[in-house]
> 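Before anything else, here's the structure in question.
Order of listing sets the numbers, starting from 1, for every ligand and every atom in it. Atom set for the values below is all heavy atoms of this structure, side chains included, hydrogens, waters and symmetry mates excluded. In this text, all values refer to a predicted model and were calculated from it rather than measured experimentally.
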Amino acid sequence: MTNFFDGIEPIRYDPSAETDLAYRHYNPDEIVMGKRMEDQLRFAVAYWHSFAWEGGDPFGGRTFDRPWYPQDSMEMARAKADVAFEMFALLGQPFFCFHDADVRPEGASFAESQRNLEEIVDYFGEKMEATGTKLLWGTANMFTHRRFMAGAATNPDPDVFAWSAATVKNCIDATKKLGGQNYVLWGGREGYETLLNTDLVRERQQAGRFLQMVVDYKHKIGFDGAILIEPKPQEPSKHQYDYDVNTVYSFLKEFGLEGEVKMNIEQGHAILAGHSFEHELAMAAAFGILGSIDMNRNDYQSGWDTDQFPNSVPEVALAYYEILKAGGFTTGGTNFDAKLRRQSLDPVDLIAGHVGAMDVCARGLKAAAAMLEDGGLEKARGERYAGWDAPKNRDMLENGTLESITERVLSEGIDPEPRSGRQERLENYINRFV
Ligand code: XLS
Ligand code: NI
Ligand code: NI
């Protein structure tokens, strides 16, 4: 045991607790729509923000003071892992997620980085065995190091493409070895800053080939988790190729991968793309590619990906509504790709951030389940489209032509009668549950 979280007891479900370090809504064993709440929500801690990020922003460096800094040796990597797994246990967190660069020091060569990763993966394996914590997903950090400044798979330099392919291979191997349930690709720098120096046709081709290789490798080694792409419109690239769910879906179609790859959808990224989170979730569900979520929000005034813990029950409820409606998570879960504010220096802040977020999600999940069970929204939606149930209208959609429909409009004297969309009444309805 380290003494990092000294004085903090394991977090329990206790609605009448006096401390803020208790779950008031997250009750892992409570049944929500036929499943334990823990199995519906499938919470994960993001290793990078909680343990590797040092509190910097564009105007200032490190604010946190952690015993595993500087993060440049295997000894420190193990010290960091010790604390991480203690936090998972305190929270009762079933899952975590990591990038290679979060967990191992960068080596002097590719081979040394690879050895470092293998070593820490073995260390993780022992800890996972001992604590029961599972891996929701693994991923590669192909955006921080300067070699990736012009992209990874989409880099103009074939050597960077090669380095990236080898990196992803190692990270999929690590994920498989740890029983990871998904492998995520977020294309942080798979985009461009200026068209003046960019061949976007070529770069998209490279990204498509790269993803085909990832899928081939997954099948070759028998990794049975899902491959997920995490869309984001910009930041750090000005224009990212994986802008939003719709853009990624057409990319998957173009490269014949739509049956192979699903989405990891992040709340904050959806907003940056000019959508709501529930829009992105519903779109993915419609395409059959809803995989997992990053449940972290942004500051609505700043327009940046500020990665804050969620704290709005109504927003979260609408997201889980779409997820439950689509049948709930299978391999996916709720990852908190969230970091503390840089003034939140204390170990207890790290715990409190997660406790609050889990409670917000639990409340949202319960509200979403109640809305689905009540059926009010689906009933209203059904009524709105009921005209399409009439055989002649179904026939018009399936077999009509512009001429035959014109004929109908004239012969039946069709004259549409506008009807209320009832938005306010539906908003009031939602408010009864959240
Ligand atoms: C950054 C992304 C990143 C991915 C994992 O905006 O959200 O954290 O989730 O690479
Ligand atoms: Ni993000
Ligand atoms: Ni993310």
Side-chain angles (χ1 to χ4, degrees), residues 42-54 56-58 95-104 135-145 148 151-154 164 167-168 170-172 174-175 180-191 207 210-211 214 225-245 248 261-275 277 280-281 284 290-300 302-310 319 332-340 354 357 361:
R42 295 165 59 86
F43 287 131
V45 169
Y47 207 94
W48 51 103
H49 286 324
S50 289
F51 306 109
W53 180 64
E54 300 187 344
D57 72 6
F95 293 101
F96 72 110
C97 303
F98 72 90
H99 303 80
D100 51 354
D102 315 329
V103 301
R104 56 105 181 98
L135 179 62
L136 187 64
W137 46 266
T139 188
N141 177 330
M142 300 197 297
F143 43 88
T144 299
H145 194 281
F148 300 117
T154 62
S164 306
T167 299
V168 168
N170 285 345
C171 289
I172 296 179
T175 302
Q181 308 203 2
N182 307 271
Y183 183 83
V184 166
L185 295 127
W186 169 60
R189 298 195 190 271
E190 310 293 30
F210 193 92
L211 193 57
V214 169
I227 302 287
L228 307 177
I229 287 195
E230 184 176 321
K232 186 175 183 180
Q234 72 269 320
E235 205 205 308
S237 294
K238 173 72 173 68
H239 303 273
Q240 270 182 233
Y241 298 126
D242 53 358
Y243 193 97
D244 61 1
V245 168
V248 174
V261 178
K262 293 184 176 173
M263 302 287 138
N264 181 44
I265 303 173
E266 180 165 313
Q267 199 272 6
H269 298 183
I271 308 294
L272 289 177
H275 301 305
F277 192 26
E280 287 290 81
L281 295 166
L290 178 54
S292 198
I293 63 169
D294 278 5
M295 183 54 104
N296 38 288
R297 68 185 172 95
N298 293 343
D299 181 294
Y300 285 114
S302 76
W304 296 332
D305 191 15
T306 56
D307 289 329
Q308 297 178 233
F309 288 97
T334 304
N335 176 42
F336 296 118
D337 186 358
K339 55 186 182 231
L340 294 171
H354 286 90
C361 289

> For H145, enumerate each residue passing the ring pair (Phe, Tyr, Trp, His ring centres under 6.0 Å) test, keeping only those at least two apart in sequence or located in another chain.
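Here no residue qualifies.
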> Does the side chain of R189 pick up a donor-acceptor pair with the side chain of Q240 at under 3.5 Å?
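No, because no side-chain N or O of R189 sits under 3.5 Å from a partner of the opposite role on Q240.
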> Ignoring water, what protein N, O or S atoms are under 2.8 Å from the Ni ion (ligand 3)?
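Hits for the Ni ion (ligand 3) below 2.8 Å: E230 OE2, E266 OE1, D294 OD2, D337 OD2.
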> Using the benzene-type ring in the case of Trp, are the ring centres of F43 and F95 under 6.0 Å apart?
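Centroid distance F43-F95: not below 6.0 Å, so no.
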> Testing the basics here: between M263 and P231, what is the closest heavy-atom pair and its distance to 0.1 Å?
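Closest approach of M263 to P231: SD-CG, 3.9 Å.
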> With no hydrogens and no angle check, just 3.5 Å: does a side-chain donor-acceptor pair link N170 and T167?
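Side-chain D/A pair, N170 to T167: absent.
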> H99: which residues meet the ring pair (Phe, Tyr, Trp, His ring centres under 6.0 Å) condition with it, sequence neighbours left out?
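Partners of H99 under the ring pair (Phe, Tyr, Trp, His ring centres under 6.0 Å) test: W48, F143.
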> For the residue pair D294 and N264, confirm or rule out a side-chain donor-acceptor distance under 3.5 Å.
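Judged by distance alone, the side chains do pair up.
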> One pair per line, please: each N/O atom of ligand 1 matched with every protein N/O atom under 3.5 Å away, atom names first, then the distance to 0.1 Å.
unit_1	atom_1	unit_2	atom_2	d
ligand 1	6 (O)	K232	NZ	2.9
ligand 1	6 (O)	H269	NE2	3.0
ligand 1	6 (O)	D305	OD2	2.9
ligand 1	7 (O)	E230	OE2	2.7
ligand 1	7 (O)	E266	OE1	2.6
ligand 1	7 (O)	H269	NE2	3.2
ligand 1	7 (O)	D337	OD2	2.7
ligand 1	8 (O)	W48	NE1	3.3
ligand 1	8 (O)	D337	OD1	3.4
ligand 1	8 (O)	D337	OD2	2.7
ligand 1	9 (O)	E230	OE1	2.6
ligand 1	9 (O)	E230	OE2	2.9
ligand 1	9 (O)	D294	OD2	3.1
ligand 1	9 (O)	D337	OD2	2.8
ligand 1	10 (O)	H99	NE2	2.7

> Using every non-hydrogen atom in the two residues, find where D307 and N298 come nearest and quote the distance to one decimal.
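In this case the closest contact between D307 and N298 is N-OD1, 3.5 Å.
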> Of all the N, O or S atoms in D305, which one sits nearest to the Ni ion (ligand 2)?
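Among the N, O or S atoms of D305, the one closest to the Ni ion (ligand 2) is OD2.
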> Give the intermediate values and the outcome of side chain to side chain donor-acceptor pair (under 3.5 Å) for residues D337 and N296.
CA-CA 6 Å; D337 186 358; N296 38 288; 4.5 Å; no
> Is it true that D305 and K232 make a salt bridge, defined as a side-chain N closer than 4.0 Å to a carboxylate O?
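Salt bridge between D305 and K232, a charged N being under 4.0 Å from a carboxylate O: yes.
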